[in-house]
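One structure below.
A, B, ... follow the sequence lines: proteins, then strands. Residue 1 opens every chain. Everything numeric here is computed off the predicted structure, so don't read it as measured data.
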Amino acid sequence: MRIATFNINGVNTRLANLTAWLRAEAPDVVCLQELKARGEHFPEKAMRDLGYHAVWEGEHRWNGVAILSRGGPPIVTRRRLPGDTSDCQSRYIEAAVEGVLIACLYQPNGNPRPGPKFDYKMAWAERLNRHAASLFGTGAPVVLAGDFNVVPTDADIYNTRSWKSDALLQPESRAAFAALLDQGWTDGLRERFPKDPPPWTFWSYFRASWARDAGLRIDHLLLNPEASARLTDAGVDREVRGEEGASDHAPAWIDLRSREG
DNA sequence: ATGTCGAGCAAAGCTCGA
């Protein structure tokens, strides 16, 4: 079972990019972030025509998350990250797919920092860690997949210089991510690529980042022990970032062997 | 500080978010 995460940065604007990738790679499950489309504008028919069931949380203009599955339909277990009923941004959706619990998340970017956006990011991270702890020991395989908007260490970026004050690299952001890993989650990409540099998942539109391969690793797939025991491979479909009209992210994925295997 | 994108509003170029 291949589970991918892809910050699509506008699901309708990049529908051609998305469908070309789905046709080429045919991942079993896909977590999408930054739909930038309200719910009624989600391209459900296009997904269905490609053989994917879809569940999603849209939002006016920004954010928005979805889970696609081409096997059994995703059974939604949550549409909001618990812990703050006043938070109405669409950044989390969770579903069971063929016995695997999948959390699709889009952590706030947090810029500019300091300020209310960064405070929101850190509060959101705190809520994520609390909820992740409750998912960790359920006994089922669990995968937390998405755009965490965190560069975990200095090894996860081409060069820290121009990003030093960015919210993605701050000690607080990193500490929250490290605390999440300390719960016992396995970083799927790092498991497969332990040597530096790891594969990047994001290249900014600024400063010809793609042409210079000036990338960051901010899209992550975290596995609890039940999922990690089934991990066979991981990767990034980086060629997707080089296409005409590409998102600034590339899809990242893990492969899990079947329960029988 | 800068750079480049997308969506929305409203009818072009700005604003906000990233």
Nearest whole angstrom, please: distance from the [atom2] of [N] to the [atom1] of [X].
{"X": "A/E244", "N": "B/dC5", "atom1": "CD", "atom2": "C1'", "answer": "14 Å"}
{"X": "A/D166", "N": "B/dG3", "atom1": "CG", "atom2": "C1'", "answer": "13 Å"}
{"X": "A/W163", "N": "B/dT2", "atom1": "CH2", "atom2": "P", "answer": "17 Å"}
{"X": "A/I8", "N": "B/dC5", "atom1": "CD1", "atom2": "C1'", "answer": "14 Å"}

[N] versus [M] - spacing of their [atom1] atoms, nearest Å:
{"N": "B/dC16", "M": "B/dA10", "atom1": "P", "answer": "15 Å"}
{"N": "B/dA1", "M": "B/dA12", "atom1": "P", "answer": "34 Å"}
{"N": "B/dA7", "M": "B/dG3", "atom1": "P", "answer": "22 Å"}

Exercise for the section: Share the residues that join A/M122 in a hydrophobic cluster, the rule being Ile, Leu, Val, Met, Phe, Trp or Tyr side chains under 4.5 Å apart at the heavy-atom level. Expected result: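 Traced through the cluster, A/M122 reaches A/F118.
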Completion exercise
Cluster membership besides A/L189, Ile/Leu/Val/Met/Phe/Trp/Tyr side chains within less than 4.5 angstrom, sorted by chain and number, is A/F193, A/V236
Problem - Partners passing side chain to side chain donor-acceptor pair (under 3.5 Å) against A/H41 (at least two apart in sequence or in another chain) - result: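 Checked A/H41 against side chain to side chain donor-acceptor pair (under 3.5 Å); zero matches.
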Problem - First of A/S162 and A/G245 reached from the 5' end of DNA chain B, by closest nucleotide - result: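 Final value for this comparison: A/S162.
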Practice task
Nearest-nucleotide wise, let me know which of A/A208 and A/N12 is further upstream toward the 5' end of DNA chain B.
Solution key: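 Mapping each residue to its closest nucleotide by heavy atoms, the 5'-most match is A/A208.
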Problem - Side-chain ion pair, A/R192 and A/D255, N-O less than 4.0 Å - result: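 Answer for the salt bridge query: no.
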Completion exercise
Hits for side-chain contact (heavy atoms from CB on, under 4.5 Å) against A/P82, two or more places apart or cross-chain, chain-then-number order -> A/R78, A/H131
If you look only at distance, which donor and acceptor atoms sit under 3.5 Å apart when one is on a side chain in residues 96-108 of chain A and the other is two or more places apart or in another chain?
from, atom 1, to, atom 2, distance (Å)
A/E98, OE2, A/G72, N, 2.8
A/Y106, OH, A/E34, OE2, 3.3

Practice task
Take nucleotides 8-18 of chain B nucleotide by nucleotide from the 5' end and write B, S or -, depending on whether a protein heavy atom sits under 4.0 Å from the base, only from the sugar-phosphate, or from neither.
Solution key: BS-----BBBB
